[in-house]
Peer 1: 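Dropping a structure here in structure tokens format, bear with me for questions.
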Amino acid sequence: MKNLLLTDRQLNFFTAAFIVLISAFPLFFDLPFRDNLFLTWEGTYRLSIGQIPYRDFTMPIGYGLFIIPFIFFKIFGSGLVTLLYAQVFTNIVLLWVFGKILRLLNISEIAIFFATMVFAMSYTFVFFWPWYNHAALFYEIVGLYFVVKLISLNKISIRNLLYCIPAGFFIFLSLFTKQDYGGLALIFSLVLLCIDSITQKRWKLLVGFIVCYTLFTCIFILPLLPYQFSYWFNHGQAPHSSRLSLFDLINEFFGGSSVEKLYLLMIFLFVFYRFSSIADFFKDRNHLFLFLITVGMIVQTLLTKVTSRLPADTTTYFHAFAVVYLIQQTGIFLKLRNVFKFFVVFGLFIIWWSAIYWDYANRIFKPAVSVKSEKTQTLPTTLVNTSWKSSNFKTFKKVTLPQQTIKGIDSIKILYSKIASTNPVVLNMSELTPLAAELNYKPIKNLPLWYHLNIGIFQSQVDTISFNIQKNTYDMVLFEFVPNLNNFYPFSLRDSLKKHYSMPLVFPAPRKDGKSIIEVFVRKSID
């Protein structure tokens with residue numbers, strides 16, 4: 001065994017098997033309902049029933065996040081489990097394309113295996129459910145594959161120039177999902193293509209990419225401009241506030257990010273050791289673009305840690321790029337083909353990222369959450385989340401909920417059955433948005449996709465909803481009160497509901513904080 005060496009074909013198989021197994025891992029378990037899962041589900045559901053973003057509902061992001069889940073909704077239905085299927089697919093494709101980029105740069109299969117392993121364990125394994133940060137990076141990586149494909153071309157023909165189309169499309173989709181990731185992806189792509197154009201004295205690839213990117217920008221955005229798309233999309237436009245702060249960037253760089261800075265130090269040490277001049281550095285094209293992509297991803301991490309603070313610890317993709325660079329440059333891969341050494345290093349990599357899978361193992365195998373009464377003094381003891389379990393609700397298949405939340409949904413169904421024959425108007429300001437499919441009502445048009453004050457909803461929309469509450473426009477309203485989040489759902493609307501509606505039902509929200517509740521309001525004539 002000590003003399004047995006792994007072939008490229010075997011390593012390729014191990015890489016593919018690892019990608020599929022780790023990506024499909026969530027399918028084998030019932031998963032707890034995740035905070036903010038409502039956003040991905042409702043945006044996808046609204047698209048699936050024919051509602052058009054910015055015309056029928058508003059949001060301060062592009063709808064790139066919903067495209068893949070939308071396709072899966074059309075195939076598998078609108079249950080929450082479909083989002084799980086969509087994310088498994090996304091993770092598999094992301095890891096596969098990552099390896100394809102490295103192969104274009106002539107990286108060894110052993111380095112690709114361990115880099116893919118790190119990418120999966122440090123990053124994709126965190127994302128069991130679709131989220132916009134991940135979706136934006138997914139589109140960026142797929143777009144960068146086609147950019148690198150363009151750069152790797154020896155000859156430029158009309159057929160080869162067609163790669164500009166998917167390159168421009170996916171880099172644009174990154175922007176159309178999240179501004180910071182997408183903007184950096186565009187700059188990243190332009191830098192790579194500009195350097196290729198200068199060093200190879202060819203400009204058709206750069207021009208072709210810019211033309212295709214501009215074309216897709218026009219195709220996607222121009223039809224939306226009549227619906228105030230620019231207002232909702234631009235975070236820097238009032239009343240949005242800019243997330244780009246020079247002080248925050250400097251503070252993050254010097255006050256933290258020690259791992260990223262260590263990687264940068266090691267990478268530049270290797271560059272200075274290997275190359276004696278700038279001319280030599282630019283001659284080795286495979287190394288040049290691997291260096292640019294690796295450093296670019298580390299810099300992108302430093303920036304997006306500031307511009308996309310939540311959820312935390314979701315910028316760990318940079319580890320994979322740094323690992324592949326260091327393994328490739330040190331020549332370690334020549335030794336790791338030995339079967340014994342390979343599996344020893346494999347085990348050490350597993351141990352390196354044990355905190356990730358150990359944390360999820362605890363969540364999956366110990367779903368019950370005990371909440372001490374002294375931590376939930378704002379709630380009656382009957383509303384405390386004592387355990388999480390699976391339900392019989394079709395839309396919530398493979399998702400566990402607090403036992404009291406399940407009872408609350410059963411009570412909602414009874415309430416709804418009293419008014420179902422009248423095509424009731426239901427305003428759902430809670431995280432239980434899948435109730436639209438479960439109860440078979442249509443989400444109200446011309447309302448925000450989510451209701452976080454001054455992020456997803458603004459005072460003019462709050463005033464409109466408040467006016468409709470006073471007029472008893474809604475037959476049923478679900479309001480989620482999250483006391484530790486300021487106006488996650490506008491508190492003023494809760495006050496208005498209490499004044500003008502009856503509240504026959506209250507139960508715990510599907511959050512682990514033990515303090516959030518969902519209050520169900522109905523018109524007094526119904527109650």
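We count residues from 1, following the sequence as given.
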Peer 1: For residues 157-176, which residue pairs pass the salt bridge (charged side-chain N to carboxylate O under 4.0 Å, His left out) check, not counting sequence neighbours?
Peer 2: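 Checked against salt bridge (charged side-chain N to carboxylate O under 4.0 Å, His left out) - neighbours excluded - no pair reaches residues 157-176.
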Peer 1: How close do Ile151 and Leu193 get, heavy atom to heavy atom, and via which atoms?
Peer 2: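 Taking every non-hydrogen atom into account, CG1-CD2, 4.2 Å.
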Peer 1: Applying side chain to side chain contact (heavy atoms under 4.5 Å, CB included) to Leu265 and Leu269, what does each step give before you reach the verdict?
Peer 2: CA-CA 6 Å; Leu265 171 62; Leu269 286 175; 4.1 Å; yes
Peer 1: Angle class for the Phe176/Tyr54 ring planes (parallel below 30°, perpendicular above 60°, tilted otherwise)?
Peer 2: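 Phe176 and Tyr54: tilted rings.
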Peer 1: Nearest 0.5 angstrom please: Phe18 CZ to Phe114 CZ, how far?
Peer 2: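 With rounding to 0.5 Å, CZ (Phe18) is 10.0 Å from CZ (Phe114).
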Peer 1: Who passes side-chain hydrogen bond (donor to acceptor under 3.5 Å, both in side chains) against Tyr63, sequence neighbours left out?
Peer 2: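 With sequence neighbours excluded, Tyr63 shows a side-chain hydrogen bond (donor to acceptor under 3.5 Å, both in side chains) to no residue whatsoever.
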Peer 1: Once salt bridge (charged side-chain N to carboxylate O under 4.0 Å, His left out) is applied, what residue pairs with a partner in residues 4-28 remain, sequence neighbours excluded?
Peer 2: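 Of all non-adjacent pairs touching residues 4-28, those that pass salt bridge (charged side-chain N to carboxylate O under 4.0 Å, His left out) are Asp8-Arg337.
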Peer 1: Would you check if Val339 and Leu5 make a side-chain contact, meaning some heavy-atom pair closer than 4.5 Å?
Peer 2: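 No, their side chains stay 4.5 Å or more apart.
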Peer 1: Flag the pair Phe321 / Phe98 as yes when their ring centroid distance falls below 6.0 Å, and as no otherwise.
Peer 2: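 Yes; Phe98 has its ring centre under 6.0 Å from that of Phe321.
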Peer 1: Can you list the residues that meet the side chain to side chain contact (heavy atoms under 4.5 Å, CB included) rule with Arg103, with sequence neighbours excluded?
Peer 2: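 Only Asn12, Glu109, Ile112 meet the side chain to side chain contact (heavy atoms under 4.5 Å, CB included) criterion with Arg103.
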Peer 1: Does atom CD1 of Ile278 have more than 12 heavy-atom neighbours, drawn from other residues, nucleotides or ligands, at distances under 6.0 Å?
Peer 2: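 For Ile278, atom CD1 is not crowded (no more than 12 foreign heavy atoms under 6.0 Å).
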Peer 1: May I ask you to decide if the ring planes of Phe281 and His287 are parallel, tilted or perpendicular, using 30° and 60° as cut-offs?
Peer 2: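 Ring orientation, 0 to 90° scale: perpendicular.
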Peer 1: Working note: Lys512 + Trp388, criterion side chain to side chain contact (heavy atoms under 4.5 Å, CB included); need CA distance, chi angles, decisive distance, verdict.
Peer 2: CA-CA 10 Å; Lys512 294 184 181 293; Trp388 290 57; 3.6 Å; yes
Peer 1: Inspect the surroundings of OH in Tyr145 and state if more than 12 heavy atoms from other residues, nucleotides or ligands are less than 6.0 Å away.
Peer 2: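 Check passes, neighbour count above 12.
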Peer 1: Closest heavy-atom contact between Ser23 and Ile19?
Peer 2: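 Scanning both residues completely, I find the closest heavy atoms to be OG-O, 2.7 Å.
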Peer 1: Please step through salt bridge (charged side-chain N to carboxylate O under 4.0 Å, His left out) for the pair Asp284 and Arg274, ending with a clear verdict.
Peer 2: CA-CA 11 Å; Asp284 189 337; Arg274 179 175 173 181; 2.6 Å; yes
Peer 1: Taking the side chain as everything from C-beta on, heavy atoms only, tell me whether Phe25 gets closer than 4.5 Å to Leu21.
Peer 2: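 Heavy-atom side-chain distance check fails, nothing below 4.5 Å.
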Peer 1: Looking only at heavy atoms, which two atoms of Val324 and Ala115 are closest? And how far apart?
Peer 2: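 Looks like CB-CB, 3.5 Å.
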Peer 1: Scan for salt bridge (charged side-chain N to carboxylate O under 4.0 Å, His left out) pairs involving residues 196-213, sequence neighbours excluded, and state none if there are none.
Peer 2: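 Every salt bridge (charged side-chain N to carboxylate O under 4.0 Å, His left out) pair that includes a residue of residues 196-213, provided the two are not neighbours, is Asp196-Arg202, Asp196-Arg285.
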Peer 1: Does Trp352 CH2 have over 12 foreign heavy atoms under 6.0 Å away?
Peer 2: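 It does: Trp352 CH2 has more than 12 such atoms within range.
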Peer 1: Sequence neighbours excluded, which residues qualify as side-chain hydrogen bond (donor to acceptor under 3.5 Å, both in side chains) partners of His452?
Peer 2: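 Partners of His452 by the side-chain hydrogen bond (donor to acceptor under 3.5 Å, both in side chains) criterion come out as none, since no residue qualifies.
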Peer 1: Return yes when atom NZ of Lys398 has more than 12 non-hydrogen atoms of other residues, nucleotides or ligands closer than 6.0 Å, and no otherwise.
Peer 2: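 Yes, NZ of Lys398 has more than 12 neighbouring heavy atoms, counting only those of other groups under 6.0 Å.
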Peer 1: Under a 3.5 Å threshold, yes or no: a donor from one side chain and an acceptor from the other, between Ser108 and Gln328?
Peer 2: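 Judged by distance alone, the side chains do pair up.
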Peer 1: Report yes or no: does Thr82 contribute a side-chain atom to a donor-acceptor pair with the main-chain N or O of Gly77 at less than 3.5 Å?
Peer 2: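 Present.
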Peer 1: Hey, is CG on Leu348 packed in by over 12 heavy atoms from elsewhere, all under 6.0 Å?
Peer 2: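 Count over threshold, so yes.
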Peer 1: Heavy atoms, side chains only, cut-off 4.5 Å: are Phe14 and Leu6 in contact?
Peer 2: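 Of all side-chain heavy-atom pairs linking Leu6 with Phe14, at least one is under 4.5 Å.
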Peer 1: Is it true that, when you exclude Phe13 itself, more than 12 heavy atoms of the residues, nucleotides or ligands shown sit nearer than 6.0 Å to its CZ?
Peer 2: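 Count not over threshold, so no.
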Peer 1: Is there a side-chain contact between Leu104 and Lys149 (heavy atoms, below 4.5 Å)?
Peer 2: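 They are in contact (side-chain heavy atoms under 4.5 Å apart), so the answer is yes.
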Peer 1: Do side-chain atoms of Ser122 reach the backbone of Tyr317 as a donor and acceptor pair under 3.5 angstrom?
Peer 2: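 No, the answer is negative, given that no donor and acceptor are paired below the 3.5 Å cut-off.
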Peer 1: Specify the closest pair of heavy atoms between Leu150 and Leu205, including all atoms of both residues, with the distance to one decimal.
Peer 2: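 So the minimum-distance heavy-atom pair works out to O-CD1, 3.3 Å.
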Peer 1: Treating Ser174 as the side-chain partner and Ala136 as the backbone partner, does any N or O pair qualify as donor plus acceptor under 3.5 Å?
Peer 2: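 Checking the backbone N and O of Ala136 against the side chain of Ser174, a donor-acceptor pair under 3.5 Å is found.
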Peer 1: Could you work out, with side-chain hydrogen bond (donor to acceptor under 3.5 Å, both in side chains) as the rule, every residue matching Asn106, not counting sequence neighbours?
Peer 2: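 For Asn106 there are no side-chain hydrogen bond (donor to acceptor under 3.5 Å, both in side chains) partners, ignoring immediate neighbours.
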Peer 1: Using only atom types and a distance under 3.5 Å, with no angle test, would you say the side chain of Gln87 pairs donor to acceptor with the backbone of Leu84?
Peer 2: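 Flag not set: sc Gln87 to bb Leu84 has no pair under 3.5 Å.
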Peer 1: Does Glu42 reach the main-chain N or O of Thr433 with its side chain, forming a donor-acceptor pair under 3.5 Å?
Peer 2: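 Pair absent, no side-chain N/O of Glu42 close to backbone of Thr433.
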Peer 1: Determine, step by step, whether Tyr263 and Thr294 satisfy the side chain to side chain contact (heavy atoms under 4.5 Å, CB included) criterion, reporting the C-alpha distance in whole Å, the side-chain angles of both residues, the deciding distance to 0.1 Å, and the verdict.
Peer 2: CA-CA 10 Å; Tyr263 281 142; Thr294 302; over 6 Å; no
Peer 1: Specify the closest pair of heavy atoms between Val399 and Pro32, including all atoms of both residues, with the distance to one decimal.
Peer 2: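 Heavy atoms only, the tightest pair is CG1-C, 4.3 Å.
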Peer 1: On the 0 to 90° scale, with breaks at 30° and 60°, tag the Phe342-Phe113 ring pair as parallel, tilted or perpendicular.
Peer 2: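 Tilted.
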Peer 1: Could you pull out all residues at least two apart from Tyr45 that satisfy ring-ring contact (aromatic ring centres under 6.0 Å, His included)?
Peer 2: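 Applying ring-ring contact (aromatic ring centres under 6.0 Å, His included) to Tyr45 gives Trp41.
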Peer 1: How would you list, by chain and number, every residue that makes a ring-ring contact (aromatic ring centres under 6.0 Å, His included) with Phe270, sequence neighbours excluded?
Peer 2: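 In terms of ring-ring contact (aromatic ring centres under 6.0 Å, His included), with neighbours along the sequence ignored, Phe270 is linked to no residue.
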Peer 1: Is the backbone of Lys155 close enough, under 3.5 Å, to the side chain of Asn160 for a donor and an acceptor to pair up by distance?
Peer 2: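 Yes; at least one donor-acceptor contact below 3.5 Å.
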Peer 1: Pair up each side-chain donor or acceptor in residues 209-221 with any protein partner under 3.5 Å, not counting sequence neighbours, and list the distances.
Peer 2:
| from | atom 1 | to | atom 2 | distance (Å) |
| --- | --- | --- | --- | --- |
| Thr214 | OG1 | Ile210 | O | 2.7 |
| Thr217 | OG1 | Tyr213 | O | 2.8 |

Peer 1: Tell me every residue that passes side chain to side chain contact (heavy atoms under 4.5 Å, CB included) with Val20, counting only those two or more places apart in sequence or in another chain.
Peer 2: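 With sequence neighbours excluded, Val20 shows a side chain to side chain contact (heavy atoms under 4.5 Å, CB included) to no residue whatsoever.
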Peer 1: Given side chains that start at C-beta, do those of His319 and Thr316 come closer than 4.5 Å, heavy atoms only?
Peer 2: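 In short, these two side chains touch, coming nearer than 4.5 Å.
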Peer 1: Under 4.5 Å between any side-chain heavy atoms of Tyr325 and Met266, yes or no?
Peer 2: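 Sidechains of Met266 and Tyr325: no contact.
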Peer 1: Test side chain to side chain contact (heavy atoms under 4.5 Å, CB included) on Phe291 and Ile267 and set out the steps.
Peer 2: CA-CA 8 Å; Phe291 169 83; Ile267 289 168; 3.6 Å; yes
Peer 1: For a 4.5 angstrom cut-off between non-hydrogen side-chain atoms, does Gln300 reach Leu137?
Peer 2: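 In contact.
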Peer 1: Quick one: ring-ring contact (aromatic ring centres under 6.0 Å, His included) partners of Phe89, sequence neighbours excluded?
Peer 2: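 ring-ring contact (aromatic ring centres under 6.0 Å, His included) check on Phe89 returns Phe72.
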Peer 1: Regarding Lys178 and the six-membered ring of Trp131, is the cationic atom NZ or CZ under 6.0 Å from the ring centre and inside 45° of its axis?
Peer 2: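 No cation-pi geometry.
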Peer 1: Decide yes or no for Phe29 and Pro26: does some side-chain heavy atom of the first lie under 4.5 Å from some side-chain heavy atom of the second?
Peer 2: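 The answer is no; the side chains never approach within 4.5 Å.
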Peer 1: Working to the nearest 0.5 Å, report the span between CD1 of Ile68 and CG of Leu173.
Peer 2: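 Reported value, rounded in 0.5 Å steps: 9.0 Å.
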